[in-house]
Student: 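I have a structure I would like to understand better, so I am pasting it below and will then ask my questions one at a time.
When a ligand or atom number is given, it counts from 1 through the structure's own listing order.
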Amino acid sequence: MTAPASYDVRNPATEQIVTTVAMADVGQTDEVVARARRAFDTWRQVAPADRARLLRRFAEQVDAHVEELARLEVANAGHTIGNARWEAGNVRDVLTYYSAAPERLFGRQIPVAGGIDVTFKEPLGVIGVIVPWNFPMPIAGWGFAPALAAGNTVVLKPAELTPLTAIRLGELALEAGIPEGVFTVLPGRGSIVGQRFVEHPDVRKIVFTGSTEVGKAIMAGCAQQVKRVTLELGGKSANVVFADADLEKAAATAPYAVFDNAGQDCCARSRILVQREAYDRFMGLLEPAVKGVRVEDPSLDTAEMGPLISRAQWETVASFVPDDAPVAFRGSAPQGPGFWFPPTVLTPEDPADRAVTEEIFGPVVVVVPFDDEADAVRMANEGQYGLSGSIWTNDLGRALRVSRGIETGNLSVNSHSSVRYSTPFGGFKQSGLGRELGPDALDAFSEVKNVYIATEG
Ligand code: NAP
Ligand code: MG
């Protein structure tokens, strides 16, 4: 397949072209992988304290450019400026967190007969990180920061739609003193650059975030070389509201748990399950909360939601809201250019309705009643996904029982948080494979080597 030479990056809030980015072909991809392979020989030898210092310098560079990176993301992805600042700050924080790792990559000493047995955590080599368009900065950082800390080199392919912040992060790494070839950002097509990462024998691991469909193909491709793979895929997470909960707070926060980033969030709580006796009251409280979401020019400090990423994504999302859709109420969105879609609440009666079963990846939520705790757990567990979810109740025992009962990787009780850089993140079932972030992410970027040393002659 021949690669397109360039890609016009469009501002989703205005539909104007922001800039044009050169796209790599297979030959350029191979050159970058070869350079990363050579850089690995020296990067893995850098003294732990020096590698740590370089990662902290990289974090400082990101910190000094948070506003610039955030403005780039507003223009490229239509993220609200508030979110975009958080996202750039998250890259800094993830780098800082994993900068402590090089000096703490402990092995073990295991008691054995006739000698000493020690284990080492060895880096894998070149890591290929493939990033989607919905959170270009954080998802990149969750891959490259622990990978570099563990002594690997990284080649990173941003999504075609959103390459700008990744390209800038690659420049900031060099400015921070990270050696050439250690971290390289390579814009290009998934079917060309991404696929080459999967096929190239010198890329020893793929970190992929994106759709479940592409994730399955990547896993199958990696199997050819028994290549390591971490997958973060789709979701259809439940926000379970029991009648005993603080309903005001549950209703006031529910819109932000699904409409944040215009719903283009794998952790979006896009199914609100409400205990039947509280259903009417909850809906009464939810309506003003949804209508109050500020959907506007994402560069404004007051913006709470921006546009969808592209015309194609708009068409996909709109297909879930046909003319006869069971719309309970909707928020507002600007008119005119841009891929705007108003926050929309649906109340489908049929549990097989595709708005109930499929990931929408847009600002559309379904609200469905349930009868009791067992019913809630059963409904939350329906479908192929299991990424995140929320539980609202003031009964501690119930909160724990339901937390244990829901088959999902990341739950929050009486809140909607999914992601903290210091805690593990990832999916059950077809939402993914492996975990990112937290204290154990280094294990996903190293192999355990066992060495036995005889002490008896
Ligand atoms: P996607 O089509 O799966 O693309 C993700 C990345 O993979 C992009 O960089 C894409 O490149 C690349 N790619 C596409 N085909 C490829 C191939 N054959 N080989 C190698 N790489 C390939 O997903 P998306 O449309 O960007 O993102 C939306 C989806 O991602 C949603 O389903 C969402 O739930 C999921 N997601 C999950 C998480 C999570 O953490 N679990 C996070 C974010 C998104 P191109 O840009 O060239 O297509
Ligand atoms: Mg795609």
Side-chain angles (χ1 to χ4, degrees), residues 1 3-4 6-7 9 21 23-26 29 76-77 79 87 90 128-143 155-164 166 185-200 203 206-222 224 227 229-237 258 260-270 308-310 312-313 315-317 358-362 383-389 408-410 418-419 424-437:
M1 189 192 271
S6 65
Y7 181 81
V9 175
V21 171
M23 304 282 272
D25 59 19
V26 170
T29 306
N76 188 165
H79 289 196
E87 291 159 17
N90 181 257
V129 181
I130 301 173
V131 181
W133 46 259
N134 64 333
F135 288 110
M137 282 192 277
I139 292 171
W142 304 351
V155 292
L156 183 145
K157 191 203 89 65
E160 261 172 278
L161 292 165
T162 55
L164 301 188
V185 174
L186 193 65
R189 272 212 177 146
S191 55
I192 295 169
V193 176
Q195 191 162 326
R196 187 63 188 147
F197 286 180
V198 173
E199 290 168 355
H200 199 300
V203 177
I206 298 291
V207 180
F208 172 82
T209 303
S211 60
T212 296
E213 185 194 356
V214 174
K216 287 177 185 175
I218 286 182
M219 192 172 173
C222 286
Q224 299 305 312
K227 189 171 292 196
V229 61
T230 299
L231 302 172
E232 298 288 0
L233 309 173
K236 185 73 180 177
S237 297
V258 56
D260 190 60
N261 206 33
Q264 303 165 117
D265 181 344
C266 46
C267 291
R269 275 68 165 172
S270 53
L308 291 165
I309 189 71
S310 64
Q313 189 64 14
E315 299 288 349
T316 304
V317 174
E358 292 179 25
E359 180 176 52
I360 299 174
F361 229 55
Q384 60 175 332
Y385 297 119
L387 190 55
S388 77
T408 185
N410 301 82
S418 299
V419 174
F425 174 75
F428 277 36
K429 302 196 281 185
Q430 292 189 35
S431 283
L433 185 75
R435 291 293 177 273
E436 300 192 281
L437 300 174

Student: How about L161 and P136: do any of their side-chain heavy atoms sit closer than 4.5 Å?
Tutor: no
Student: With heavy atoms only and a cut-off of under 4.0 Å, state how E359 meets ligand 1: side chain, backbone, both or neither.
Tutor: side chain
Student: Over all heavy atoms of both residues, which pair between A268 and G263 is shortest? Give the atoms and the distance, please.
Tutor: CB-O, 4.2 Å
Student: So between Q313, M23, E436, E160, whose heavy atom ends up nearest atom 46 (O) of ligand 1?
Tutor: E160
Student: Does ligand 1 have an atom under 4.0 Å from some heavy atom of F135?
Tutor: no
Student: Between T212, L233, V198, L231, which one has a non-hydrogen atom sitting closest to atom 41 (N) of ligand 1?
Tutor: L233
Student: Between F361 and ligand 1, find which residue part has any heavy-atom pair under 4.0 Å and reply side chain, backbone, both or neither.
Tutor: side chain
Student: What do we get for L387 next to ligand 1 when only non-hydrogen atoms under 4.0 Å count, side chain, backbone, both or neither?
Tutor: side chain
Student: Backbone or side chain, does any N or O of S211 fall under 3.5 Å from an N or O of ligand 1?
Tutor: yes
Student: Ligand 1 versus V131, non-hydrogen atoms closer than 4.0 Å: side chain, backbone, both, neither?
Tutor: backbone
Student: Judged by non-hydrogen atoms, does I139 sit under 4.0 Å from ligand 1?
Tutor: yes
Student: Going by heavy atoms in the side chains, are L233 and Q430 under 4.5 Å from each other?
Tutor: no
Student: Heavy-atom distance to atom 15 (N) of ligand 1: which of I218, N410, I309, V214 wins?
Tutor: V214
Student: Does any part of the side chain of I218, heavy atoms only, come nearer than 4.5 Å to the side chain of F197, both counted from C-beta?
Tutor: no
Student: Judged on heavy-atom distance to atom 38 (C) of ligand 1, which of G432, G426, C266, S388 sits nearest?
Tutor: C266
Student: Name the option, out of N134, V419, V129, that contains the heavy atom nearest to atom 43 (C) of ligand 1.
Tutor: N134
Student: I would like to know whether T29 and V155 meet side chain to side chain contact (heavy atoms under 4.5 Å, CB included); could you show each step before the answer?
Tutor: CA-CA 9 Å; T29 306; V155 292; over 6 Å; no
Student: What do you reckon, does R189 have a nitrogen or oxygen under 3.5 Å from a nitrogen or oxygen of ligand 1?
Tutor: no
Student: F425 versus ligand 1: do any nitrogen or oxygen atoms come within less than 3.5 Å of each other?
Tutor: no
Student: Within the protein, is there a heavy atom lying under 4.0 Å from atom 4 (O) of ligand 1?
Tutor: no
Student: Does any N or O atom in G235 lie less than 3.5 angstrom from one in ligand 1, N or O only?
Tutor: no
Student: Heavy atom under 4.0 Å from ligand 1: found in T209's side chain, backbone, both, or neither?
Tutor: both
Student: Look at ligand 1 and say whether F208 reaches it with a heavy atom at a distance under 4.0 Å.
Tutor: yes
